[in-house]
Protein chains: 2
Amino acid sequence: MTTETERPIEPDRVRAPNIRDVARVAGVSYQTVSRVLNDSPNIRPETLQRVRDAIDELGYRPNQAARALVTSRSRTIGVLAAQTVHYGPATSIQAIETAAREAGYRLSITNISSSEYASIKSGLDYLMSQAVEALIVIAPQVRVFEAINDLQVGVPFVTLEATGLSSDHSLWVDQVQGARMATRHLIELGHTEIMHISGPQDWIEAEARMQGFLRELGDADLRTRAPILGDWTASFGYYAGLELLRYRDFTAVFAGNDQMALGFMHACREMGLSVPGDISIVGFDDVPEAAHFAPPLTTVRQNFAEIGRRAIALLLGELRGETDLSHDPVQPELIIRESTARASRLG
Amino acid sequence: MTTETERPIEPDRVRAPNIRDVARVAGVSYQTVSRVLNDSPNIRPETLQRVRDAIDELGYRPNQAARALVTSRSRTIGVLAAQTVHYGPATSIQAIETAAREAGYRLSITNISSSEYASIKSGLDYLMSQAVEALIVIAPQVRVFEAINDLQVGVPFVTLEATGLSSDHSLWVDQVQGARMATRHLIELGHTEIMHISGPQDWIEAEARMQGFLRELGDADLRTRAPILGDWTASFGYYAGLELLRYRDFTAVFAGNDQMALGFMHACREMGLSVPGDISIVGFDDVPEAAHFAPPLTTVRQNFAEIGRRAIALLLGELRGETDLSHDPVQPELIIRESTARASRLG
DNA sequence: GGCGCGGATGTGAACGTACACATCGCGACA
DNA sequence: TGTCGCGATGTGTACGTTCACATCCGCGCC
C-alpha cells in the first residue's frame with residue numbers, strides 16, 4: 001500500500017506530473033524513475049521501457065529547480081559581458097551558448113553598462129546569486145580581476161579575448177601577433193609613418209593590439225607615435241580622422257577594430273584623400289561587412305566562434321576536475337583586401 | 001531546544017549559509033528571516049536590522065533553486081532567437097536583459113540554427129524544459145507560431161519585430177510604415193523605377209517591408225517589380241547588385257536592411273556607378289555604422305531597445321494578470337543622408 | 001544445501017525555501 | 001475587567017528530486 005492513494009484528488013488545480021506520478025503509471029518506485037532519468041546502469045530493459053512510456057504518456061519533464069536544490073548544482077554558466085552588440089562578443093556568445101547547451105548547461109548572461117568597478121561588481125554579484133558553476137568574462141578585464149578576487153568568486157572562470165596578464169584563466173586570440181601582422185604588412189608596403197587608433201585603455205585586447213603595434217614598429221626601428229585612444233565606434237574613427245588628417249604626417253593607419261577603420265575612411269573621403277592612394281588602412285576583427293567597405297578593408301580575422309567553443313571546453317574540463325588546462329592561443333589571420341597599398345610620398 | 005544543536009559539526013564540508021543559519025545568528029526564527037527577504041510588512045525595525053546584519057555577516061544569498069521549487073516560479077523568461085549577431089536582435093536582447101534583471105527575472109536565451117521546424121521545436125523544447133514563465137521570440141516567425149501551438153506552450157509570449165498576423169502577441173516597429181516612408185522618399189525624389197531587395201521570405205518583418213514597399217508603389221501608380229529575396233547579408237547585396245546592374249533599368253533601390261544596402265553600394269562602385277548620382281539607395285535599421293558608409297546611408301531607424309523594453313513590460317503585465325495589453329507599434333524614423341538624390345535619367 | 005554475492009528495486013531522509021496556520025502580547029473598547 | 005483585534009513572531013509542512021542505505025531474489029560455489 002503506497003501513500004499516494006491517500007492524496008486527495010484536486011480536480012481544478014493542474015499540477016505538473018512529477019517523478020511519483022510517472023512511477024505510479026509505470027508501476028515502479030520513484031527511485032527507479034530517477035535512475036532512468038540519470039542513465040543509471042542495472043535497469044532491466046523491460047522496466048526501462050515501461051518508465052519511458054510513462055514519461056511520454058504524461059509529458060513529464062524533470063523539475064530543474066528540485067534537481068538543482070538537492071544536487072546543489074545549478075548547471076548554469078555565467079557570462080559577464082560588455083558590448084554584446086558588437087560582432088566579436090556576439091559571435092563568441094553564440095558559440096558558447098551552443099556548446100553549453102550540448103553539454104547540458106544553460107547560460108546566464110549579464111551585460112555591464114560601464115567599465116566602472118561598481119558596475120562590474122554588480123554584474124558579478126548578480127551572476128553569483130544565480131549560483132553559476134563557472135564564469136566566462138567578455139569585458140574590459142583590468143578591473144574584472146579585482147572584482148573576482150574581492151567577491152571571492154569560488155568558481156572556475158576564463159576571460160575571453162584577453163592576453164598576457166593571467167594566462168591561466170585567459171583564452172585568447174593572439175592579439176599581439178595579430179597586431180604585429182597588421183603592422184608588418186604596412187611596413188612591408190613601405191610605410192614608415194604609421195598611426196594607431198586603439199580601443200579603450202581598459203580593454204586588455206586593446207592594450208595587446210597596441211603592444212603588438214609598438215613592438216613591431218620597434219623591431220623595424222621606426223618612429224613610434226602615441227596611439228590615439230578610441231572607443232571602438234565608427235564615429236570615433238571618423239572624428240579622429242578629421243582631426244589627424246589636418247596634419248597628414250603619416251601614410252598609414254592601423255585601427256583597433258573594423259568600425260573605427262570605417263569611420264576613418266569616411267574622414268579620408270571627406271578630406272579628399274584616397275584610400276589606399278594617400279592613406280593605407282588596416283582594421284581588426286574582419287566583421288562580415290568589412291569585405292564591402294569602400295574600399296574593401298584589409299584586416300585581421302579572429303575566429304570568435306572557436307574562442308567561444310574553447311571557453312566552454314576549458315571550463316567543463318575544469319569542472320570535471322581535469323588539471324591539464326593547457327590551451328594554445330588561437331592564431332589570427334591577415335586578410336589583405338584593397339585598403340592598403342604601397343606608401344605614397346608624404347605631401 | 002532546537003534541533004539545530006543536534007546537527008553534527010562537519011568541519012571539512014563547507015556549506016553555504018541558509019535561512020536558518022541567519023535566523024540563529026540574528027536570534028529570530030527562520031520565518032522572520034524569510035519575511036525580511038520578501039519585504040513583508042509588520043517587522044519591527046530593530047528586528048529588521050538584526051536580520052540584515054546577520055545576512056551581511058554570513059554573506060548569505062537566497063537559494064534560487066529552493067525558491068523556485070517551493071513557489072513553482074522559475075523567474076526566468078525564455079528568448080528564442082535567430083541571428084543574434086545582427087545589430088537589431090542584439091540590441092533588443094540587451095535591452096530585454098536589462099529590463100528583465102531590473103524586474104527580478106533572468107533570461108534564458110537560445111539560438112536556433114536554422115528556420116526549419118525541427119530546429120525551432122528543439123529550441124522551444126529546451127526553453128520549456130527550463131520552465132520559463134514567459135517567452136520572447138526574435139526569429140523567423142512563420143513556423144514559430146505552429147511550434148508554439150504544437151508544443152502547447154502555456155505561457156505568455158510575444159514576438160518581436162513582426163507584424164500583422166497575430167497582433168495580440170506581437171510587438172513591433174511598424175515595418176510597413178517604415179517601408180512606405182523609405183519608398184515614398186524615393187518617389188518624391190522623382191524615382192519611378194525602384195527595386196527592392198528583401199530579407200528572407202520566412203521572416204515576417206521582411207514580408208512586412210515588402211508589403212509596405214508594394215503598397216506605396218501601388219498608391220503612386222508606379223510599376224511594381226518582383227522583389228529580390230535575399231538573406232540579410234552584405235555579400236548577398238553585393239552579388240545581387242552585380243547581377244541587377246547589368247541591366248540598369250532602375251534608378252533606385254530599397255534594401256531590406258543596411259547590410260544588403262552596403263553590399264549593393266559596393267557593387268555599384270565596381271560597376272562604375274555613382275551613388276547617389278546614378279543610383280539612389282535606402283536601407284533599413286540604421287546600424288551605427290550606416291552614417292559612415294560611402295556614401296553615408298539614407299535609412300529607416302528602428303528603436304530596437306525600445307522594442308526590447310516594451311516586450312518585457314508587456315510580459316510582466318500579463319504575468320501579473322493585467323488584461324490591458326494594448327500596445328501601439330513603435331514608429332520608425334527616416335534618416336536622410338547622402339545615398340539618395342533626385343532621379344537621374346535612365347541611360 | 002547453506003552461504004555469499006551482486007543485480008534489481010524499494011524506503012527514508014535531506015536539500016532550502018515559502019505558505020498556511022498557530023501563538024503571543026498589548027492596547028482599545030464596551 | 002474581559003474580550004476583541006491586530007501587530008509581531010514562531011511552528012509545521014510541502015515542493016520534487018537525489019543520495020545513502022535497505023531489501024529482495026536468484027545463482028554459483030564449496
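No hydrogens, no waters, no symmetry mates; every other heavy atom, side chains included, goes into these values.
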Can you see which heavy atom on S113(B) is nearest to which on S119(B), and at what distance? N-OG, 3.5 Å
If you compare all heavy atoms of Y60(A) against all heavy atoms of I19(A), which two are closest, and at what distance to 0.1 Å?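 Closest pair (atom of Y60(A), atom of I19(A), distance): CE1-N, 3.7 Å.
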Protein-nucleic acid N or O pairs under 3.5 Å, nucleotides 17-19 of chain C:
unit_1: dT17(C); atom_1: OP1; unit_2: Y60(B); atom_2: OH; d: 2.3
unit_1: dT17(C); atom_1: OP1; unit_2: N63(B); atom_2: N; d: 3.1
unit_1: dT17(C); atom_1: OP2; unit_2: I19(B); atom_2: N; d: 2.5
unit_1: dA18(C); atom_1: OP1; unit_2: N38(B); atom_2: OD1; d: 3.4
unit_1: dA18(C); atom_1: OP1; unit_2: N38(B); atom_2: ND2; d: 3.3
unit_1: dA18(C); atom_1: OP1; unit_2: R67(B); atom_2: NE; d: 2.6
unit_1: dA18(C); atom_1: OP1; unit_2: R67(B); atom_2: NH2; d: 3.2
unit_1: dA18(C); atom_1: OP2; unit_2: S34(B); atom_2: OG; d: 2.9
unit_1: dA18(C); atom_1: OP2; unit_2: N38(B); atom_2: ND2; d: 3.4
unit_1: dC19(C); atom_1: N4; unit_2: Q31(B); atom_2: OE1; d: 2.8

Atom pair distance, as rounded to whole Å: [atom1] in [X] and [atom2] in [N]:
| X | N | atom1 | atom2 | result |
| --- | --- | --- | --- | --- |
| L69(A) | dC19(D) | CG | P | 13 Å |
| R50(A) | dG10(C) | CZ | C1' | 14 Å |
| D39(A) | dA8(C) | CG | C1' | 17 Å |
| N42(B) | dC24(C) | CG | C1' | 15 Å |
| R44(B) | dC26(C) | CZ | P | 11 Å |

Is there a donor-acceptor contact under 3.5 Å from the side chain of R101(B) to the main chain of N111(A)?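 Side chain of R101(B) to backbone of N111(A): a pair is present.
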Just so I know, are the side chains of R67(B) and L37(B) near enough to count as touching, which here means a heavy-atom distance under 4.5 Å? yes
Under 4.0 Å from OP1 or OP2 of dG10(C): is there any side-chain N or O of T32(A) that close?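 True: T32(A) side-chain N/O within range (under 4.0 Å) of dG10(C) OP1/OP2.
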Spacing of R50(A) atom CZ and I55(A) atom CD1 [to the nearest 0.5 Å]: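 If I round to the nearest 0.5 Å, the distance is 13.0 Å.
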Begin from the C-alpha positions of T76(A) and E133(A) and carry the test side chain to side chain donor-acceptor pair (under 3.5 Å) through to its verdict. CA-CA 6 Å; T76(A) 301; E133(A) 292 181 35; over 6 Å; no
